[in-house]
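As structure tokens, the structure follows; a few thoughts come after it.
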Amino acid sequence: MSEAPIRVIAADPARIDPVALEQLRGTATLDGIERVVGLPDLHAGRGIAVGAAFWSPDRLFPHLVGSDIGCGMALWETDLPVRKFRPDKAERSLHGLDTPWEGAGEDSEGGAALGTIGGGNHFAEFQRIERIVDDARFNALGFRADRLWLMVHSGSRGLGQAVLDHWRARGCEGGLAATGADGIAYLADHDRAAGWAVLNREIIARRFCAKLGLAGECRLDILHNSVTPHRGGWLHRKGAAPADRGLVVIPGSRGDFSYLVEPLADHADDALHSLAHGAGRRWSRSDAHAKLSRRFKASDLERTALGGRVICEDRRLIFEEAPEAYKDIHDVVGALVGAGLVRVIALLRPLLSYKTRRT
DNA sequence: ATGTTC
């Protein structure tokens, strides 16, 4: 079987991570994979590159979706005029969000984790609309620029992990025939985990709003780890946002802006109808910790260059997830714009980023 | 990424 073509969309092709590129090559040689795309946030993952999409005509590859099935971004508009947002007060109010949600049934699947953010790069962040680039479109959507917004990044926690573990134990790395019994069973597991992840983000958003006494409405929820039917085959996205499900928000880092973008259709197929899902890591977790813990105290990182505040009572994580550990979001979105894949609608400024609090 | 974590 010949190697599938690989297309990488990058801000600066000379600076594509060679390790990530080698990982893309590894996936391009899989029997049954016919197209591979790297997005501008491409970076090395644990075996599989993150920021990538993979198309197969007839096979499902659970390990190309990974363990955090259904992980994605939700963006909510609250009813609070942003001028009334008090970060000090909010910081004092945001307690009890790492413990199980009261509404989770004890025997429901993944019940204890439902409504909690988790670790790694997951977060909830209050934001304001910094700048509207496309006024007509923003207004047509009925969005309000003067309100407090809330972004949630989380996934399927232990449930998605259990699904991948189950299929890995059965030897799924060569893929599963999509129409076979195993393929159908995996898809059912995948869809259940993805549905759980969407619900998890909704509950997280509602819990955060409730702590501040706010009402809120979900404006978008998009998955960046998934496999879906696509043009007669199967599209695997590993840290890749969909370009065929409406508006997308692309987070920068806790110290930079997030972009609200509208996917454009004309060149979408070049990128397998996929987009960057964030800025992408510039430094590995261990490098970020090593470099930054030498230069800064953890408390130095509780405020960002944009004036936002950070709640992260995990001393290792606050270094691992520092803005410096991520690529420049403006370059990443610039590459998407340059490739004709998106139009920018608006930029959002982080006001308060919540990672974790000790309980 | 992870009801993780020697």
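Naming convention: chains lettered A, B, ... in sequence-line order (proteins, then strands); numbering from 1 in each chain. These figures come from a predicted structure and were not determined experimentally.
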Sole candidate of A/R237, A/K238, A/H236 that passes side chain to side chain contact (heavy atoms under 4.5 Å, CB included) when paired with A/S226: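 Of all the options given, the one that passes is A/R237.
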
Please list, for nucleotides 4-6 of chain B, all pairs of protein and nucleotide N/O atoms separated by less than 3.5 Å.
none

A/Y354-A/F208 aromatic ring centre distance below 6.0 Å: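 Yes, the ring of A/Y354 comes within the 6.0 Å limit of the ring of A/F208, centre to centre.
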
Counterpart residues, salt bridge (Lys or Arg N to Asp or Glu O under 4.0 Å), relative to A/D331 (two or more places apart): none

Please classify the nucleic acid contact of [X] as base, sugar-phosphate, or nothing, using heavy-atom distances under 4.0 Å.
{"X": "A/R285", "answer": "sugar-phosphate"}
{"X": "A/G45", "answer": "nothing"}
{"X": "A/G160", "answer": "nothing"}

salt_bridge(A/R254, A/E125) N-O dist < 4.0 Å: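 Looking at A/E125 together with A/R254, the answer is no, because their closest N to O distance does not fall below 4.0 Å.
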
Under the side-chain contact (heavy atoms from CB on, under 4.5 Å) test, residues paired with A/L212 that sit two or more places apart: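 Here the qualifying residues are A/F85, A/A90, A/S93, A/L94, A/F126, A/L214.
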
Rounded interatomic separation in angstrom, taking CG from A/D68 and P from B/dT2: 6 Å

Geometric class of the A/F123/A/H153 ring pair [parallel <30°, tilted 30-60°, perpendicular >60°]: perpendicular

